[in-house]
*Asks:* 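Sending over a structure as structure tokens; questions will come in a sec.
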Protein chains: 2
Amino acid sequence: MSSIRYALLSLLAREPLSGYDIKLQMNNRLGPFWKAGSNQVYPEMAKMEAEGLIELQAVEQNTYRPARKVYEITEAGRDVLRKWTLEAGELEKVRDDFLLKVYNSWMVDPVTMSKRIEEIKKQHEERLAAYEEKIAELNRLVDQANGNNPLLSSISVVEFGVQYERLYIEWCDQLISKSK
Amino acid sequence: MSSIRYALLSLLAREPLSGYDIKLQMNNRLGPFWKAGSNQVYPEMAKMEAEGLIELQAVEQNTYRPARKVYEITEAGRDVLRKWTLEAGELEKVRDDFLLKVYNSWMVDPVTMSKRIEEIKKQHEERLAAYEEKIAELNRLVDQANGNNPLLSSISVVEFGVQYERLYIEWCDQLISKSK
DNA sequence: TCCTCCATGTAATCGGTTACATGATTCG
DNA sequence: CGAATCATGTAACCGATTACATGGAGGA
């Protein structure tokens, strides 16, 4: 079930990266989909190297600072990733604390609850804007250099994000209008 | 962050329940939203009883078998739950392994990938049907006994589920038509 | 006969989060 | 002058999942 391993491999399948790069890409780029701390990234990469799924491509030494170790995926790593990608898996549960709060909305003051819903809605609107910008950026990159591009897969995922945020915002609106 | 506590309290705020009842309601009724194993439920309920958030309402002894201990929420428990319900919280991340698999779809055989998407779609269609049935059932119950009903809150949550599943199914269709 | 249901609970393990540690550089 | 950035890593903790344990009733 250790899905963090596959997240790391998914990024490395596109370009060689250091552990630090991966952490950044997860926490900014692939933002609200996955996150990983250094504690997970570095030990997992060490394990994967030992198993031959990735290998050191270059070491950039900058006098002071710890050496920047750039890894690339091996053919064995690609095989493992491809196999996992096509594997069947259990459906995920939704698990959003705010849903549980709405489940309890019958027992709290409706006016205060409405304000909370408005706040949540605003946060999702921000995330929606970020996703839409991301898609525009990806589309620009795809146009100039086409082919069987990994970027098309990225767009599909971010598009899910866009649709999810739109749904969430609509649902918030429904909740607010119900409480009036 | 211990959200399991609030999940248990949310159920107990509606009716007195035993640990076993809660486990069942989580894994069937509140199905794909939250899950909990006995290891979490029983120790957490012991803690909450010690803190005065819930208290023993009845003990049903059935000669053999461990005694069925039914708990009810206290006024202190309701306060804690109301406070949490109106608290601000961080936005949840989405985290669905299948999204990561789609992110990798550029590197696998498109025909096989399409088959996998169809399978996932089917699973979401099943979940959608279950949600719709659940809503119909809840609506029947609401009609006969109205008021400021907790059931209305339940409906809102399940409605989120319905809309989420519809979105997922649509997105799968888009993926399939893109790969053609 | 064997499996599932009821009903409580414990133990081992695993994955993730937060915080800590180092240390020079660059930006406000 | 203090904060953030780069870049590696470790340690402590917490929540969740899986499996184990008991044991009789009732159905396939």
Side-chain angles (χ1 to χ4, degrees), chain A residues 1-9 11 16-28 30 32-50 54 56-71 89-97 100, chain B residues 1-9 11 16-28 30 32-50 54 56-71 89-97 100:
Chain A
M1 267 227 181
S2 57
S3 61
I4 194 65
R5 150 162 303 195
Y6 298 107
L8 302 187
L9 279 178
L11 292 173
L17 293 165
S18 71
Y20 188 76
D21 292 332
I22 288 181
K23 227 187 72 188
L24 284 190
Q25 289 214 12
M26 286 225 156
N27 299 342
N28 305 330
L30 264 178
F33 293 108
W34 289 270
K35 289 234 168 193
S38 34
N39 47 29
Q40 288 187 278
V41 172
Y42 295 115
E44 191 63 38
M45 285 180 85
K47 265 187 236 165
M48 290 198 291
E49 195 191 10
I54 61 176
L56 255 169
Q57 187 219 33
V59 179
E60 291 160 30
Q61 188 51 269
N62 218 329
T63 57
Y64 55 101
R65 247 189 246 173
R68 181 182 141 84
K69 300 197 275 178
V70 178
Y71 289 89
E90 293 269 296
L91 274 213
E92 226 74 30
K93 38 186 137 32
V94 181
R95 207 178 194 306
D96 178 336
D97 275 1
L100 191 54
Chain B
M1 268 228 181
S2 58
S3 61
I4 194 67
R5 151 162 303 195
Y6 297 108
L8 302 188
L9 279 178
L11 292 174
L17 294 164
S18 72
Y20 189 76
D21 292 334
I22 288 181
K23 229 187 71 190
L24 284 191
Q25 288 215 11
M26 287 224 157
N27 299 342
N28 304 331
L30 264 178
F33 293 109
W34 289 271
K35 288 236 168 192
S38 35
N39 46 34
Q40 288 187 279
V41 172
Y42 294 114
E44 192 62 40
M45 285 180 84
K47 266 188 234 164
M48 290 198 292
E49 194 191 10
I54 61 175
L56 255 171
Q57 188 220 33
V59 178
E60 291 160 29
Q61 189 50 269
N62 219 329
T63 55
Y64 58 100
R65 249 189 244 174
R68 181 182 142 84
K69 299 197 274 178
V70 179
Y71 289 89
E90 293 268 297
L91 274 212
E92 226 75 29
K93 35 186 140 27
V94 180
R95 207 177 195 310
D96 177 336
D97 275 1
L100 191 55

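Just so it is clear: chains get the letters A, B, ... in the order the sequence lines come, proteins before strands, and each one is counted from 1. The model shown is predicted, which means the values in this text are computed figures rather than measured ones.
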*Asks:* How long is the gap from CE on A/Met26 to CZ on A/Phe33, to the nearest 0.5 Å?
*Replies:* 12.5 Å
*Asks:* Give the rounded distance in Å between these two atoms: CD1 of A/Ile4 and P of D/dA16.
*Replies:* 18 Å
*Asks:* Given atom CG of B/Leu24 and atom P of C/dT8, what is their separation to the nearest angstrom?
*Replies:*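 Computing the B/Leu24:CG to C/dT8:P distance gives 10 Å.
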*Asks:* In chain order, what residues pass the side-chain hydrogen bond (donor to acceptor under 3.5 Å, both in side chains) check against B/Arg65, with sequence neighbours excluded?
*Replies:* none
*Asks:* Rounded to the nearest Å, what distance is computed from the CG atom of residue A/Asp21 to the P atom of nucleotide D/dC6?
*Replies:* 10 Å
*Asks:* Among D/dA16, D/dT8, C/dA7, which nucleotide has an atom closest to any side-chain atom of A/Arg95?
*Replies:* D/dA16
*Asks:* Measure CG/B/Asn27 against P/D/dA16 and give the value in whole Å, please.
*Replies:* 13 Å
*Asks:* Residues two or more places apart in sequence or in another chain: which of them pass salt bridge (Lys or Arg N to Asp or Glu O under 4.0 Å) with A/Lys47?
*Replies:*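 Salt bridge (Lys or Arg N to Asp or Glu O under 4.0 Å) check on A/Lys47 returns A/Glu44.
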*Asks:* Checking all strands, does B/Ala67 fall into the base, sugar-phosphate, or nothing category for heavy-atom contacts under 4.0 angstrom?
*Replies:* sugar-phosphate
*Asks:* C/dT17 phosphate, OP1 or OP2: any side-chain N/O from B/Lys93 under 4.0 angstrom?
*Replies:*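 Looking at the OP1 and OP2 atoms of C/dT17, one of them is under 4.0 Å from a side-chain N or O of B/Lys93.
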*Asks:* Can you name the nearest heavy-atom pair linking B/Gln61 to B/Pro66, along with the distance?
*Replies:*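 So the minimum-distance heavy-atom pair works out to OE1-C, 4.4 Å.
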*Asks:* Which residues pass the side-chain hydrogen bond (donor to acceptor under 3.5 Å, both in side chains) test with A/Asp21, sequence neighbours left out?
*Replies:* A/Ser18, A/Arg68
*Asks:* OP1, OP2 of D/dG15 versus side-chain N and O of B/Lys35: anything below 4.0 Å?
*Replies:*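 So the side chain of B/Lys35 is outside the cut-off, no N or O lying under 4.0 Å from OP1 or OP2 of D/dG15.
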*Asks:* To the nearest 0.5 Å, tell me how far A/Leu9 CG sits from A/Ile4 CD1.
*Replies:* 10.5 Å
*Asks:* Please list, for nucleotides 10-12 of chain C, all pairs of protein and nucleotide N/O atoms separated by less than 3.5 Å.
*Replies:*
none

*Asks:* If you check the B/Lys23 side chain, which of C/dT8, D/dT8, C/dT17 turns out closest?
*Replies:* C/dT8
*Asks:* Tell me: CD of A/Gln61 to P of C/dG23, nearest whole Å?
*Replies:*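 Nearest whole value for this atom pair: 14 Å.
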*Asks:* Nearest 0.5 Å please: distance from the CE atom of A/Met45 over to the OG atom of A/Ser38.
*Replies:*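 If I round to the nearest 0.5 Å, the distance is 12.5 Å.
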*Asks:* State the CG-CD1 distance between A/Leu8 and A/Ile54, to the nearest 0.5 angstrom.
*Replies:*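 Atom-to-atom, A/Leu8:CG and A/Ile54:CD1 are 8.0 Å apart.
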*Asks:* Send over the distance from A/Lys47 NZ to D/dG9 P, rounded to a whole Å.
*Replies:*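 Going from A/Lys47 (NZ) to D/dG9 (P), I get 14 Å.
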*Asks:* Could you give the distance from CH2 (A/Trp34) to CD1 (A/Ile22), rounded to the nearest 0.5 Å?
*Replies:*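 Between atom CH2 of A/Trp34 and atom CD1 of A/Ile22 there are 14.5 Å.
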*Asks:* Taking only nitrogen or oxygen atoms into account, show me every contact under 3.5 Å that the protein makes with nucleotides 24-26 of chain D, one pair per line with its distance.
*Replies:*
none

*Asks:* The side chain of B/Ser3 is closest to which nucleotide in this list: C/dT17, C/dG16, D/dA16?
*Replies:*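 Nearest to the side chain of B/Ser3 among the choices is D/dA16.
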*Asks:* Without decimals, in angstroms, what is the distance between A/Lys69 NZ and D/dA7 P?
*Replies:* 14 Å
*Asks:* Any side-chain N or O of A/Tyr20 below 4.0 angstrom from OP1/OP2 of D/dC6?
*Replies:*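 Indeed, a polar side-chain atom of A/Tyr20 lies that close.
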*Asks:* What is the separation between atom CD on A/Glu44 and atom P on C/dC14, rounded to the nearest whole Å?
*Replies:*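 Taking CD of A/Glu44 and P of C/dC14, I get 12 Å after rounding.
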*Asks:* Go through the structure and list residues passing side-chain hydrogen bond (donor to acceptor under 3.5 Å, both in side chains) with B/Gln40, not counting sequence neighbours.
*Replies:* none
